[in-house]
Trainee: 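If you scroll down you'll find the structure; I have some questions about it.
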Amino acid sequence: MSRVNLAALLLLGLLLVMPQQSMQASLIDSIAEIEKSNCKVAHLRLGLVFTSDVNERALKDSGLYSPDSEDSSVDIAGRRFHSGTLNGSSIVYVKTGSASVNMATALQILLARFRIHGVIYFGNAGSLDKKTMVPGDVSVPQAVAFTGVWNWKKFGSEKGHLVFGDFNYPENGENLLGTVEYEKINMFTPSEAPKEVFWLPITASWYEAATKALKDMKLRECYSDKCLPGKPKVVFGTKGSTSDFYVRNKAYGDFLNKNFDAKTADTASASVALTSMSNEKLFVVFQGVSNVAGETSSNSGVSYLASYNAMLAATKFINSIPTPRLACE
């Protein structure tokens, strides 16, 4: 066998055994090369992240998303990343899965593998204060925090601590569960030494842009034959609580509202904030309110409406901001 034929066979063998992920990585590299070759007109993309099938269905039902091509998605670490446009704006979106660790993992991959200018999150949340927000409304928080990082202590009452004995029924008193202190988390960035933080502020410039873009925005009131009891609204400037459990208990929801002034609770927003800040990326959060802590909704379409309204808010924001052009290399 000639050296030429042998080389050809070796090359064919390498192609046949090439891992799927390597081929997918080539797709990403190809997208990047196209962008670089056309850098006089190309822009950085915006990263759009959400957690659930309901969120993705709202995005697709809107008719506002268009893929770049028939084969413009790529699988990395079990997640599928889609490149396209949202009402004309270039984005890459990924459905991350629920829980804060899944959001952080998928978002870190997005930022590491794609040319992303900033991050937009939309999803569902529960209201902790129905005087401020009810199902169907959209919250644009100014800060979010992890409220599921606990340090267990002996029974005792301290301000801001969760004292389980305060919730004994019918009388308060000592409880074997003791007391929980809410801990700060470590934040790492390329330009600063690690530091402990509790509240994670939304990027100020993007928050201000959102307040302007969404002023007097009209949200969707009905889904199929089911409608909200009132006219939904966009609420700005609140604080949000994130943990890996759904806050359905009214007493705990009231505790978060009273002690932290948190108006919403979800499982993802603080992960978006921490990961974006660690990568020094701009970010903003849009939460569609799907329930009130402690109350049961009889309207099965509320969760979808909440997600759809949050998606509409995210889209309007995305379409309102310019994205930088790619630098030629």
Trainee: Please check: side-chain N/O of S320 versus main-chain N/O of F317, any donor-acceptor pairing under 3.5 Å?
Mentor: yes

Trainee: Is the backbone of D129 close enough, under 3.5 Å, to the side chain of S127 for a donor and an acceptor to pair up by distance?
Mentor: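 Flag set: sc S127 to bb D129 pair under 3.5 Å.
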
Trainee: Could you walk me through whether N291 and R248 pass the side-chain hydrogen bond (donor to acceptor under 3.5 Å, both in side chains) test, one step at a time?
Mentor: CA-CA 9 Å; N291 66 288; R248 303 187 187 279; 5.4 Å; no

Trainee: State whether the side chain of S278 and the backbone N or O of L274 hold a donor-acceptor pair below 3.5 Å, judged by distance alone.
Mentor: yes

Trainee: Which value, rounded to the nearest 0.5 Å, describes the distance between Y182 atom OH and N151 atom CG?
Mentor: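 With rounding to 0.5 Å, OH (Y182) is 12.5 Å from CG (N151).
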
Trainee: CE of M277 to CG of N279: how many Å apart, nearest 0.5 Å?
Mentor: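 If I round to the nearest 0.5 Å, the distance is 11.5 Å.
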
Trainee: Parallel under 30°, tilted from 30 to 60°, perpendicular over 60°: which one fits the rings of F260 and F255?
Mentor: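 Ring orientation of F260 relative to F255: perpendicular.
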
Trainee: Is the closest side-chain donor-acceptor distance between T238 and S139 under 3.5 Å?
Mentor: yes

Trainee: Determine whether M103 and V101 fall in the same hydrophobic cluster, where Ile, Leu, Val, Met, Phe, Trp and Tyr are linked whenever their side-chain heavy atoms lie under 4.5 Å apart.
Mentor: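 No, M103 does not connect to V101 through the hydrophobic network.
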
Trainee: Just by modelled atom types, is the K316 backbone N or O under 3.5 Å from a matching donor or acceptor in the N319 side chain?
Mentor: no

Trainee: Check this for me: does any side-chain nitrogen of one of D53 and R57 sit under 4.0 Å from a carboxylate oxygen of the other?
Mentor: no

Trainee: Under 3.5 Å, is there a donor on one side chain and an acceptor on the other for E174 and N168?
Mentor: no

Trainee: May I ask you to decide if L59's main-chain N or O and S62's side chain share a donor-acceptor pair within less than 3.5 Å?
Mentor: yes

Trainee: Under 4.5 Å between any side-chain heavy atoms of V302 and L228, yes or no?
Mentor: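 Yes - at least one pair of side-chain heavy atoms lies under 4.5 Å apart.
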
Trainee: Measure the spacing between CG of D61 and OG of S307 and express it to the nearest 0.5 Å.
Mentor: 10.0 Å

Trainee: Among T242, N124, T51, find the residue that satisfies the side-chain contact (heavy atoms from CB on, under 4.5 Å) test when tested with D266.
Mentor: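 Of T242, N124, T51, side-chain contact (heavy atoms from CB on, under 4.5 Å) with D266 is met by T242 alone.
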
Trainee: Is any side-chain heavy atom of I116 closer than 4.5 Å to a side-chain heavy atom of R45?
Mentor: yes

Trainee: For the pair S83 (side chain) and S72 (backbone), establish whether a donor and an acceptor sit closer than 3.5 Å, ignoring hydrogens and angles.
Mentor: yes

Trainee: Using the ring pair (Phe, Tyr, Trp, His ring centres under 6.0 Å) rule, pick out the option among Y121, Y93, Y308, Y65 that qualifies with F50.
Mentor: Y93

Trainee: Quick check against the 3.5 Å criterion: does N309 have a side-chain atom that pairs as donor or acceptor with the backbone of G136?
Mentor: yes

Trainee: Donor-acceptor pair, distance only, cut-off 3.5 Å: does the side chain of N175 make one with the backbone of D166?
Mentor: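 Looks like no, no N/O pair under 3.5 Å.
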
Trainee: When you measure from the side chain of N257 to the backbone N and O of G253, does any donor-acceptor pair fall under 3.5 Å?
Mentor: no

Trainee: Sub-3.5 Å donor-acceptor pair from the side chain of N55 to the main-chain atoms of S52, do we have one?
Mentor: yes

Trainee: Following the transitive rule for hydrophobic clusters with a side-chain heavy-atom cut-off under 4.5 Å over Ile, Leu, Val, Met, Phe, Trp and Tyr, establish whether Y252 and Y246 coincide in one cluster.
Mentor: no

Trainee: Supply the atom-to-atom distance H117 NE2 to I321 CD1, rounded to the nearest 0.5 angstrom.
Mentor: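 CD1 of I321 is found 6.0 Å from NE2 of H117.
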
Trainee: When clusters are formed by joining ILVMFWY residues with side-chain heavy atoms under 4.5 Å apart, either directly or through shared neighbours, do F81 and I91 land in the same one?
Mentor: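 Yes.
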
Trainee: Looking at side-chain heavy atoms only, is the closest gap between F122 and L312 below 4.5 Å?
Mentor: no

Trainee: Are V144 and L214 joined in one hydrophobic group, where the rule is that I, L, V, M, F, W and Y side chains link up if heavy atoms are under 4.5 Å apart?
Mentor: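 Yes; L214 is reachable from V144 via cluster members.
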
Trainee: Say you draw a straight line from OG1 of T267 to CZ of F245; how long is it, rounded to the nearest 0.5 Å?
Mentor: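 Separation between the atoms: 11.0 Å.
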
Trainee: Considering only heavy atoms from C-beta outward, does the side chain of L110 approach that of R79 to under 4.5 Å?
Mentor: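 They are not in contact (no side-chain heavy atoms under 4.5 Å apart), so the answer is no.
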
Trainee: Enter the distance from K218:NZ to K231:NZ here, rounded to the nearest 0.5 Å.
Mentor: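 Going from the NZ atom of K218 to the NZ atom of K231 covers 7.0 Å.
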
